[in-house]
Amino acid sequence: MDSAVLKLLRDWREKPFTVLAFESSADDTCAAVVTSSRQILSNIVVKQHVLHEHFGGIHPSVAIEAHQRNMPGAVRRALEEAKITVGDVDGVAFTRGPGIGGCLSVGSNAAKSLAAALNKPLVGVHHMQAHALTPLLTAPLNELPTFPFLTLLISGGHTLLLLASSLTEFRILATTADESVGRAFDKVARMLELDWGKRGLGAALEDFCRTGGDFDEGQLGRGLDDAVPQLPLPMPGQLGFSFSCLHSSVERALASHPSSINSSSVPHAYKLALARAFQSAAARQLTSKLTLGLQWCERRDITVRDIVVSGGVASNAFLRDRLRVALDEYATSSVTSGSDKYEPIQLLFPPVELCTDNAAMIAWASMHRFLEGDHDPYTIELRSKWSVEDIRA
Ligand code: KG4
Ligand code: ZN
């Protein structure tokens, strides 16, 4: 096992260290308490999406005000639910970047002031590093991913394929040229006039696709789906994502349907076929780019045994199935092509509440630095633009 992970495992047993962490980089106000023995004592997330829905994205000043309103209560609850007092906190962590500057500053100011008042060490964390290291906090000990591993981070805010080589070394293999996969799910669900439901628009689209019997992708372009276009796989063979072309294709198909006076007048069966075509195309793109990422590693003699799939979209069961099928196919093709480099690949999905933005992941990503005595000064500045490839710099 990687020596950095071994060191963490050793330290967990020796001296549990308690971190209080803050996250406010986008539209969730988060505070959490996590110990070095991988215990999440509390994980508070105050959502704001209701405030931003009608803006079609995060409205910065609305988000900043909401963070300012919500953060004190979130910290109070994090300590209460953890059943500790502030005197039990050994270190304070916060999201240093990337994110919306004004939003980041709410969590950062809270963390700095508290750490200074308590005379405790402070660590500023990279948000994407924290997402990528989450499985080291959540996976059972016998399934911990070993470096190097791949992380597919798919949410409303991110569409990224990362190669994680150590706790602090990450390489971006692919990112989106336009919008995130989560936003595309949201837009298509809105076009099809689906209800928000309990789990949000993306999940509503997944549920809608499951209605009306089994889906056979071979049906696209035939019978019921006659007029439904086969949606594109953008940038074939290239390590890069694009999702705006998928939602525009759906928009065009809806607008060009003969009975399209407005979306409500389009037949239900046609909408269902479009929803399924979109979901399949999104899954096809994600699996195809993941396979390209594996090939990229293979060509460089980098052996990857684990793939972590995280973010709100990772809860989509159809996508999970497709990813498993794609990895099985990749295994078969590696074996039949006589590659001696193929190793079985484990697919890991952290629990959904820790796939989405949270402060427990920030606490965990700070832990190795606290244990190594590597802290930041109370004067540390934010980095609202900060590539995950530059963590060490
Ligand atoms: O990680 P997340 O909760 O938050 C942010 O990105 O801030 O991701 C939310 C995104 C939304 O776009 C939502 O529609 C999408 O994840 N999502 C889904 C599903 N559940 C959530 N997309 C497809 N299928 C789902 N089951
Ligand atoms: Zn995030």
Side-chain angles (χ1 to χ4, degrees), residues 21 23-30 43 45-53 55-59 63 66-67 95-100 103-104 107 125-134 151-160 162 170 175-176 179-192 194-210 243-244 246-247 275-276 278-283 285-286 308-323 349-362 364-365 384 386 388:
E23 149 67 38
S24 61
S25 61
D27 63 345
D28 293 329
T29 314
C30 317
N43 182 31
V45 179
V46 186
K47 299 254 175 212
Q48 301 179 5
H49 58 261
V50 178
L51 302 177
H52 303 287
E53 242 166 68
F55 293 114
I58 301 175
H59 189 294
H67 283 310
T95 306
R96 188 181 170 200
I100 301 168
C103 291
L104 286 167
V125 171
H126 193 293
H127 180 90
M128 308 313 299
Q129 174 196 25
H131 271 303
L133 297 182
T134 301
T151 298
L152 185 61
L153 196 50
I154 41 177
S155 68
H158 324 286
T159 309
L160 271 180
L162 292 180
F170 301 90
T175 185
T176 180
E179 70 186 6
S180 71
V181 55
R183 291 281 169 262
F185 263 92
D186 295 341
K187 283 184 182 168
V188 171
R190 254 186 226 112
M191 280 177 221
L192 298 175
L194 302 182
D195 287 333
W196 181 271
K198 282 200 183 117
R199 297 189 298 136
L201 286 171
L205 194 134
E206 179 187 7
D207 293 345
F208 180 54
C209 289
R210 223 179 277 122
F243 287 95
S244 62
L246 298 194
H247 89 246
R276 289 170 165 182
F278 166 77
Q279 182 173 246
S280 279
Q285 183 177 159
L286 291 167
V308 179
V309 188
S310 185
V313 183
S315 59
N316 185 300
F318 176 83
L319 172 66
R320 288 182 179 213
D321 278 355
R322 290 300 155 118
L323 288 167
F349 298 96
V352 175
E353 69 279 12
L354 292 171
C355 285
T356 56
D357 286 353
N358 65 87
M361 70 177 189
I362 302 299
W364 185 246
S384 62
W386 187 11
V388 72

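By convention here, the first residue in the shown sequence is residue 1. Ligands are counted one by one from 1 in listed order, and the atoms in each one are counted from 1 as well.
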Polar contact flag for [X] and ligand 1 (N/O pairs, less than 3.5 Å):
| X | value |
| --- | --- |
| Glu206 | yes |
| Gly311 | no |
| Gly312 | yes |
| Thr356 | no |

### Message
Heavy-atom distances under 4.0 Å decide this one: backbone, side chain, both or neither, for Asp186 against ligand 1?
### Response
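It is the side chain that gets close, since no backbone atom is under 4.0 Å.
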- Message: Check for me whether the distance between the ring centres of Phe243 and Phe185 falls short of 6.0 Å.
- Response: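 They do not qualify: ring centres at least 6.0 Å apart.
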- Task: Have a look at Asp357 and say which of its N, O or S atoms is nearest the Zn ion (ligand 2).
- Result: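 Within Asp357, restricted to N, O or S, the Zn ion (ligand 2) is closest to atom OD1.
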Where is the nearest protein heavy atom to atom 9 (C) of ligand 1: which residue, which atom, and how far?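 Ranking protein heavy atoms by distance from atom 9 (C) of ligand 1, first comes Gly156 N, 3.7 Å.
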* Among all protein heavy atoms, pick out the one at the shortest distance from atom 7 (O) of ligand 1; state its residue, atom name and that distance to 0.1 Å. =>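 Result for atom 7 (O) of ligand 1: Asp27 OD1, 4.2 Å.
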To the closest 0.5 Å, what do you measure between CD (Gln285) and CG (Leu319)?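 These two atoms lie 11.5 Å from each other.
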Closest heavy-atom contact between [X] and [Y]?
| X | Y | value |
| --- | --- | --- |
| Leu354 | Thr134 | O-CG2, 3.6 Å |
| Val125 | Ile362 | CG2-O, 3.6 Å |
| Ala63 | Ala26 | CB-O, 4.2 Å |

Just jot down the ligand 1 atoms closer than 4.0 angstrom to any heavy atom of [X], in number order.
| X | answer |
| --- | --- |
| Gly157 | 6 (O) |
| Gly202 | 14 (O), 18 (C), 19 (C), 22 (N), 23 (C), 24 (N), 25 (C) |
| Asn316 | 23 (C), 24 (N), 25 (C), 26 (N) |

[X] and [Y]: side chain donor to acceptor below 3.5 Å:
| X | Y | result |
| --- | --- | --- |
| His67 | Thr29 | yes |
| Glu23 | Thr95 | yes |
| His131 | Asp357 | yes |

**Report entry** Ala26 near ligand 1 by a heavy-atom separation under 4.0 Å
**Finding:**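 Ala26 does not count as a contact of ligand 1 under the 4.0 Å cut-off.
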| Which one of Val308, Leu162, Val309, Leu160 satisfies the side-chain contact (heavy atoms from CB on, under 4.5 Å) criterion with Leu152? |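 Exactly one option meets the side-chain contact (heavy atoms from CB on, under 4.5 Å) with Leu152, and it is Val309.
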message = For atom 15 (C) of ligand 1, which of the options Val313, Leu319, Asp357 provides the nearest non-hydrogen atom?
response =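 When every heavy atom of Val313, Leu319, Asp357 is considered, Val313 comes closest to atom 15 (C) of ligand 1.
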